[in-house]
Every structure is written in structure tokens, then in C-alpha cells.
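Atom set for the values below is all heavy atoms of this structure, side chains included, hydrogens, waters and symmetry mates excluded.
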Amino acid sequence: MQVAVVTFDGFNELDSFIASALINRCRKDGLEAFITTPTPVVTSMNGVETTGQRPMEFVTEADVVLIGSGVKTRDVVADDQLISRLPLDPSRQLIGAQCSGALVLARLGLLNSMPACTDMTSRPFVEACGVTVLDAPFHAEGNIATAGGCLASQYLATWVMARTLGDDAARDVINYVAPVGENEETVERALRAVRTGEAVLR
């Protein structure tokens, strides 16, 4: 199973790198994430240059697509040519968005009446798209999920691991990366955020 972590110019390192790093701890189980970019090299909001591991066209073959956020997301959604390179299909793919990535899902028409999570800076722009924003770190309905707040990227990764490999796989990964002495509470918080987010408004 392959995961495309879509990463645009001006990206937030916490969003793309945390999700991909956590998911890649499941390589031995057949789940692997790739930084997926519209150009060979993208530069983060803090000036970190990153070479994409896969081109944008990879999203069509990926089993999971996660849309990262960044300071140029509004430029992304205004670029018809760039948006056309994201032909996502929730009937066969898990699709998630981090923070301002919710704007991309809204632009693609994937949220419809579904509420979303995003960060405080992006919230007014997401609401301007007619999307209800939740005061929560994670929300999922079916094969679509959104996360709000940079460190909520761990919840998006937990959702992907739990949906594709099961709770035990997600638990093992979060337990491994948790701060020493806080393993159990970190694992339970991540799984609780995902389970609560999947149950909201049902």
C-alpha cells in the first residue's frame, strides 16, 4: 500500500514530515509513504529545500493521499492547472488533509456537507468555502479525514495506519515514538482522537 504525502511549495515541515515518518515505520507491513511534489524540489515555509520522492501524478496510483498544508495553499487552490493534477477518488482511496489542506479538499469538491478540522489561521478561509469548521483536532467520515493543528498530523497518520493495518499497528508505532515515560497516554490519546473524530456528528 502506497501513501502520497502531497507537499507544495511553502509547506509546513511538521505536517508532511511527521505523517510520512510515522507511516514509514510500517514499511515492513507493506505500508509506505512518499513525499509527493508538483515540482522536483519544493521549499518549506522555513526555507528547507526538499526533493520530492514521487511526482504529483503518483496520486492517481496511491492507495492513500494526504494533503499537507503551508503558507501558499491559497495560491494552490487558485491554480486551476495545479488542482487538475489531483484527480482524487474517495471510493478507492483514503484521503486526508492537514490544516490548510482542507482548502484543497474543498476546492476539489470532496467535503460537500462534511465538516472539517483546520488550523486557526486557515479557519476563516475554509469557512468562506461554505465548510463548517469543528473545534477539534481530527474528524473523519468514510474515506475522508481532516486534521487541525500541526501536531495533529500524528492523528492523521494514526488514522491511516489503523484503517489500513489495524489498531495494533498504529499502537506499536505511536508507542515507539512517544516521549519516554508517556507511552501509554500518548498512544491512548492518538487512538481516542481518531475514534472520537470518526464518531462526531453521527
Side-chain angles (χ1 to χ4, degrees), residues 1-90 92-110 116 118-119 121-122 125-126 143-161 163-165 173 177:
M1 292 173 287
Q2 301 183 107
V3 181
V5 181
V6 177
T7 303
F8 299 107
D9 205 43
F11 72 96
N12 184 322
E13 303 96 328
L14 293 173
D15 297 347
S16 291
F17 293 157
I18 288 176
S20 61
L22 291 177
I23 291 168
N24 277 330
R25 290 189 176 276
C26 296
R27 280 197 190 102
K28 67 184 188 307
D29 298 314
L31 182 65
E32 188 168 9
F34 300 91
I35 299 296
T36 302
T37 56
T39 55
V41 176
V42 291
T43 303
S44 79
M45 60 191 292
N46 293 307
V48 178
E49 290 190 351
T50 299
T51 300
Q53 297 173 292
R54 294 289 186 275
M56 191 66 84
E57 289 67 31
F58 174 63
V59 301
T60 61
E61 61 184 272
D63 304 286
V64 181
V65 179
L66 300 182
I67 309 293
S69 75
V71 295
K72 297 183 178 180
T73 307
R74 283 188 288 159
D75 294 333
V76 169
V77 297
D79 187 332
D80 291 341
Q81 184 175 5
L82 184 52
I83 285 295
S84 71
R85 297 174 68 186
L86 291 167
L88 307 186
D89 183 359
R92 64 174 186 84
Q93 295 174 307
L94 294 181
I95 299 170
Q98 178 70 39
C99 293
S100 65
L103 285 171
V104 177
L105 296 193
R107 175 70 170 77
L108 292 171
L110 295 175
T118 191
D119 62 281
T121 301
S122 301
F125 303 107
V126 175
N143 287 343
I144 297 177
T146 55
C150 299
L151 294 182
S153 53
Q154 65 182 299
Y155 301 153
L156 204 55
T158 297
W159 176 71
V160 170
M161 293 184 289
R163 283 289 304 270
T164 57
L165 299 174
V173 169
V177 303

Trainee: Checking side-chain polar atoms at under 3.5 Å, does S44 have a donor or acceptor matched by the opposite partner on E13?
Mentor: yes
Trainee: Are any non-hydrogen side-chain atoms of P87 and T60 less than 4.5 angstrom apart?
Mentor: yes
Trainee: Which heavy atom of T51 sits nearest a heavy atom of V41, and at what distance?
Mentor: OG1-CG2, 4.0 Å
Trainee: What's the separation between atom OG1 in T158 and atom CZ in R163, rounded to the nearest 0.5 Å?
Mentor: 14.0 Å
Trainee: Tell me if a side-chain donor or acceptor on N143 pairs with a main-chain N or O of P90 at a distance below 3.5 Å.
Mentor: yes
Trainee: Could you tell me if the side chain of F11 sits less than 4.5 Å from the side chain of T50, heavy atoms only?
Mentor: yes
Trainee: Apply the side chain to side chain contact (heavy atoms under 4.5 Å, CB included) test between R107 and each candidate in V76, D79, D80, T73; give the one that qualifies.
Mentor: D80
Trainee: Should the heavy atoms of other residues, nucleotides or ligands under 6.0 Å from CD of E61 be counted, would the total exceed 12?
Mentor: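 Counting other residues, nucleotides and ligands, CD of E61 exceeds 12 neighbours.
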Trainee: Please check: side-chain N/O of N46 versus main-chain N/O of V48, any donor-acceptor pairing under 3.5 Å?
Mentor: no
Trainee: Rounded to the nearest 0.5 Å, what separation is found between the CD1 atom of I95 and the CG atom of L88?
Mentor: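 If I round to the nearest 0.5 Å, the distance is 4.5 Å.
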Trainee: Would you check if the side chain of E32 reaches a backbone N or O of R27 as a donor-acceptor pair within less than 3.5 Å?
Mentor: no
Trainee: Report yes if some heavy atom in the side chain of M1 is under 4.5 Å from a heavy atom in the side chain of V64; otherwise report no.
Mentor: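 A side-chain contact is absent here, since even the closest heavy-atom pair is not under 4.5 Å.
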Trainee: Does the pair F8 and L82 meet the rule for a side chain to side chain contact (heavy atoms under 4.5 Å, CB included), with working shown?
Mentor: CA-CA 10 Å; F8 299 107; L82 184 52; 4.1 Å; yes
Trainee: Nearest 0.5 Å, please: how far is OG1 in T7 from CE in M56?
Mentor: 8.5 Å
Trainee: Closer than 3.5 angstrom, by distance alone: can the side chain of S100 be matched with the main-chain N or O of G70 as a donor-acceptor pair?
Mentor: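 A pair under 3.5 Å: yes.
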Trainee: Could you state the interatomic distance from CG (L66) to OG (S153), rounded to the nearest 0.5 Å?
Mentor: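 L66 atom CG to S153 atom OG measures 10.0 Å (nearest 0.5 Å).
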Trainee: Using side chain to side chain contact (heavy atoms under 4.5 Å, CB included), reason through T146 and L105 one step at a time and then give a plain yes or no.
Mentor: CA-CA 9 Å; T146 55; L105 296 193; 4.0 Å; yes
Trainee: Does the side chain of L94 come within less than 4.5 Å of W159's, by heavy atoms?
Mentor: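 Yes, at least one pair of side-chain atoms sits under 4.5 Å.
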Trainee: So among N24, V3, D63, which one has a side chain to side chain contact (heavy atoms under 4.5 Å, CB included) with L31?
Mentor: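 The side chain to side chain contact (heavy atoms under 4.5 Å, CB included) with L31 is passed solely by V3 among N24, V3, D63.
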Trainee: Any side-chain donor paired with an acceptor under 3.5 Å for D15 and S69?
Mentor: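 Judged by distance alone, the side chains do pair up.
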Trainee: How many angstroms lie between CD1 in I67 and CG in L108, if you round to the nearest 0.5 Å?
Mentor: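 Rounded to the nearest 0.5 Å, the CD1-CG separation comes to 7.0 Å.
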Trainee: Heavy atoms, side chains only, cut-off 4.5 Å: are F34 and Q2 in contact?
Mentor: yes
Trainee: State, yes or no, whether a side-chain contact exists between V177 and R25 at a heavy-atom distance under 4.5 Å.
Mentor: yes
Trainee: Write down the atom of I23, the atom of A157, and the distance for their closest heavy-atom approach.
Mentor: CG1-CB, 4.1 Å
Trainee: Give a yes or no on this: more than 12 heavy atoms of other residues, nucleotides or ligands lie within 6.0 Å of atom CZ of R85.
Mentor: yes
Trainee: Can you tell me how far apart CG (L22) and OH (Y155) are? Round to the nearest 0.5 Å.
Mentor: 12.0 Å
Trainee: Donor-acceptor pair, Q93 side chain versus V59 backbone, under 3.5 Å?
Mentor: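 Such a contact is found between Q93 side chain and V59 backbone.
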Trainee: Report yes if the side chains of N12 and C99 come closer than 4.5 Å at any heavy-atom pair, otherwise no.
Mentor: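 The answer is no; the side chains never approach within 4.5 Å.
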Trainee: Is the side chain of Q98 donor-acceptor paired with the backbone N or O of G149 at a distance under 3.5 Å, no angle test?
Mentor: yes
